[in-house]
Each structure stands twice: as C-alpha cells, then as structure tokens.
2 protein chains.
Amino acid sequence: MTDNSKTSLDIVIENLISIHPLLAKNITRAIRTKTHHTPGELFVLGTLNHHGKLSMTEIGNHLSLPKPHVTSLVEKLICEELVERFHDTNDRRIIYIQITEKGIKEFREIKNEIGQDLRQKLQILDAEELKDLSQASQYLKDILIKILQQSLNSNNTNI
Amino acid sequence: MTDNSKTSLDIVIENLISIHPLLAKNITRAIRTKTHHTPGELFVLGTLNHHGKLSMTEIGNHLSLPKPHVTSLVEKLICEELVERFHDTNDRRIIYIQITEKGIKEFREIKNEIGQDLRQKLQILDAEELKDLSQASQYLKDILIKILQQSLNSNNTNI
DNA sequence: GTTAATAGTTATAATTTTGTAACCATTATT
DNA sequence: AATAATGGTTACAAAATTATAACTATTAAC
C-alpha cells in the first residue's frame, strides 16, 4: 500500500468529495422543507447577496448553471422583487441582476431558518471546537472562492 | 449594526451555506461530465466506500435520500457489480449493501478523475496553504460526520 | 456594410431527484 | 394466532436540473 504517500492535495480532494454530500444533506434538504424557494433559486440569491450585482452570464459561471436555467431562476426572483435587472449603459446586451433590499432581508431570514437545524446540531460542540470550526470553514470558503475566480478567468468556454 | 456580535456559530452556518454551492459547482459538474454515473449513484458508492456495508435504510439516512430512490440507485450499482447485497442472518428483513473490490477500485479511479480539475486549480496554492487546507477540510469533514451520526440516532423519523 | 461573435431569451426534451401510496415479507407485540 | 410495526420494493407523479437548438438584439471585426 502506498497509502502513507498521500499528498496534502489528495487529502483535500478526498475530503471535499466527502463533504459535499454531507452539506447537501443538511442544506439542500432544509431549503426544501423550510422555504418556498428551490435550491437553485436560493443559490442565485446567495451569490447575488455576496457579489451585489452580476450579469446573467456571470451568475451562470459562478454556479455552473446553464444559461436558460439562470433566466428562469432570475425571473422568479424578480417576480418576488428580491432582485432587479438593469442594462449596462455601455453594452446594451449585458443585463445586470442586482439584489434588492427586500432580497437582502429575505436572504438573511432564510439563512437563519436554514441554520436552525445546523445550529441545534452544532450545539454538541464546545466553544473551542466551534471556534476551530469557524476558522476551518472560513479558510475553506475563502480558498474555494479564490479557486472559483481563477477558473472564471481562464476557462471561459461557455457552459 | 450588530454585525460584530456574530457568534462563531453564525459564522460557521454562513460559511457552510456558501461552501455548498461552490462544491456543488466543482464536484457535481465533474461527476456529470467525467463519469457515466449520476451524482446520487456516486454518493451512495462513496458512502459505502467509507462505511463498507450499510443497510438500505442506513444509506438513505446518511444521504437523506427517499427509500425508493435508494432502491433504484443500489440496483444500478449492483448491475455493474460495484456493490452486492446480502441478508442479515438475524433479521431477514434487513438487506445489507456492501461495496465490492471492483467498487472500491472504481471509486478510487473516479475520485482521481473528478479530482483532476480541482487538482489543477489547487496548484496555485503553495505547500503551506495546501497543508492548512487539508487540515481545515479534514476538520470540517470530521465534524460534519459527527453531527450526522448524532442526527441519525435522535431524529429517526422516517424520511 | 457585411459578417462574426456575444449576451440573453424562448422553447422543448431528457435526466435526475423528490414525494406518495400501496404493497410484500419478516419480525415484534399482545 | 391476530395485529402492529419495520425494512424494503414497486408503481407512479411531480418537481428540479441539465442539455440543445433556434432565435433576437447588440457589439466587434473585417
């Protein structure tokens, strides 16, 4: 066995592949049961909550969603006035989607709702563990965002 | 603003909610393009790779999949001889699913395939960052598994 | 000015996931 | 022995995601 020759990189990849379904279990399920939004809708709202404003194409790239899907998801969010759309003044082809005040408020509330179960489950951890976990998750998040940006600049082959 | 009063717990939850779609982008998409398995199939295989052997119900609980879905996913995996099924000798209602040698090998290969893109993207990190990341991801994974077990023992209301 | 490329939409189909209800076999309860 | 509960399957429907192709509007390239 060459198991002890595993690189940090191997470990990271294995862990990410394990973490994904665990998060899916806890988060996607909470979205389904606790909100009237689909996971896709909420991920778009979350991305806009983070970035403020993005073009349709950028949204698709960030979340790896096919363009037509982005169109329909954004449409639903617009109907609820959680986001709004406006044209780029320089290039009228580009449509920017921006989160509204209502959208920000809604996302915050939903985040709270969704967090409830996790919150409860995380209570078995003591303060120290929780602090470690917040740092670990922060680090992972930052790296993933960094990687994502990277891939947006290089690999811009259309979805 | 009471923003600076955010607890570690709040931060963890926000981060997890952000991390999920980022992983979904990188992993689910890779599964779709690089393998002939569906994400669901692969998550079942991955869980069995981790646990070795689980009952149908346990698989569903681990991944939050409805029972009928588990049945169909396992069936496909059995067709490819990646897992096999056998009855519990004490309680003949229970059917255990166990990963085969072929399944272990297949999962290892797929993990490699899927990791390729991530691997490439992670190369912008230096050795130190990579080590930190491997620790952070390991910590997060362990905690999530711990939380998951917890929820399996208490909340055993059927999916 | 014509052609090519880009941003986004519309329409439509296929796949995957989720949700329900009815059902069989087996075990537990009384 | 009769009844209830559990583990799993079958059958089916609904929702969500993914994938394509054709299309409009606008900008870029020649």
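Each chain gets a letter, A, B and so on, in the order its sequence line appears, and its residues count up from 1. All values below were derived from every heavy atom in this structure, side-chain atoms included, with hydrogens, water molecules and symmetry-related copies excluded.
- Looking at heavy-atom distances under 4.0 Å, N90(B) makes contact with sugar-phosphate atoms alone, never a base.
- Look at CG on L65(A): it is 10 Å from P on dA19(D), rounded to the nearest Å.
- When the P atom of dT6(C) is taken as reference, atom CG of D88(A) falls 17 Å away, rounded to whole Å.
- Straight-line distance from the CD1 atom of I31(B) to the P atom of dT17(D): 16 Å, rounded to whole Å.
- Remark: K53(A) does not engage E58(A) in a salt bridge, criterion side-chain N to carboxylate O under 4.0 Å.
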Working for side chain to side chain donor-acceptor pair (under 3.5 Å), residues K121(B) and N26(B): CA-CA 10 Å; K121(B) 289 172 186 168; N26(B) 281 286; 2.9 Å; yes
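- Taken together through direct or relayed side-chain contacts under 4.5 Å among Ile, Leu, Val, Met, Phe, Trp and Tyr, I145(A) and F107(A) form part of one hydrophobic cluster.
- The CD-P distance, from E41(A) to dA15(D), rounds to 14 Å in whole Å.
- R93(A) has no side-chain polar atom (N or O) that falls below the 4.0 Å cut-off from OP1 or OP2 of dA25(D).
- The residue among I94(B) and T28(B) whose nearest nucleotide of DNA chain D lies closer to the 5′ end is I94(B).
- The backbone N or O of K67(A) sits less than 3.5 Å from a side-chain atom of T71(A), completing a donor-acceptor pair.
- The side chain of R29(B) places no N or O atom within less than 4.0 Å of a non-bridging phosphate oxygen (OP1 or OP2) of dT17(D).
- Taking atom CG of residue N61(A) and atom C1' of nucleotide dG8(C), one finds them 13 Å apart after rounding to whole Å.
- Proximity of H50(A) to S18(B): side-chain heavy atoms (C-beta onward) are nowhere separated by under 4.5 Å.
- Summary for the helix from dG1(C)-dC30(D) to dT30(C)-dA1(D): the axes at its two ends, each from 5 pairs, differ by 20° when rounded to the nearest 10 degrees.
- Between E109(B) and K105(B) there is a salt bridge, with a side-chain nitrogen of the basic residue lying less than 4.0 Å from a carboxylate oxygen of the acidic one.
- Aromatic ring centres of H20(A) and F43(B): separated by under 6.0 Å.
- Rounded to whole Å, the distance from OH on Y96(A) to P on dT6(C) is 16 Å.
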Extract from the structure each pairing of a protein N or O with an N or O of nucleotides 9-13 of chain C at less than 3.5 Å, listing the distance.
unit_1	atom_1	unit_2	atom_2	d
dT9(C)	OP1	R85(A)	NH1	2.8
dT9(C)	OP2	T71(A)	OG1	2.7

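- Under the 4.5 Å side-chain heavy-atom criterion for grouping Ile, Leu, Val, Met, Phe, Trp and Tyr, L9(A) is connected to L23(B) within one hydrophobic cluster.
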Working for side chain to side chain donor-acceptor pair (under 3.5 Å), residues E80(A) and H36(A): CA-CA 12 Å; E80(A) 302 190 58; H36(A) 65 287; 3.0 Å; yes
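- Salt-bridge annotation for R29(A) and D117(A): absent, with no side-chain N of the basic residue lying under 4.0 Å from a carboxylate O of the acidic one.
- Rounding to whole angstrom units, CZ of residue R32(B) and C1' of dA16(D) are separated by 11 Å.
- Here the P atom of nucleotide dG7(D) and the CZ atom of F86(B) are 17 Å apart, to the nearest Å.
- Here the side chain of R92(B) is nearest to one of dG8(C), dT17(C), dT27(C), namely dT27(C).
- Between H37(A) and T89(A), the residue anchored nearer the 5' end of DNA chain D, judged by the nucleotide with its closest heavy atom, is H37(A).
- Considering only side-chain N and O atoms, T38(A) lies under 4.0 angstrom from the phosphate OP1 or OP2 of dT17(D).
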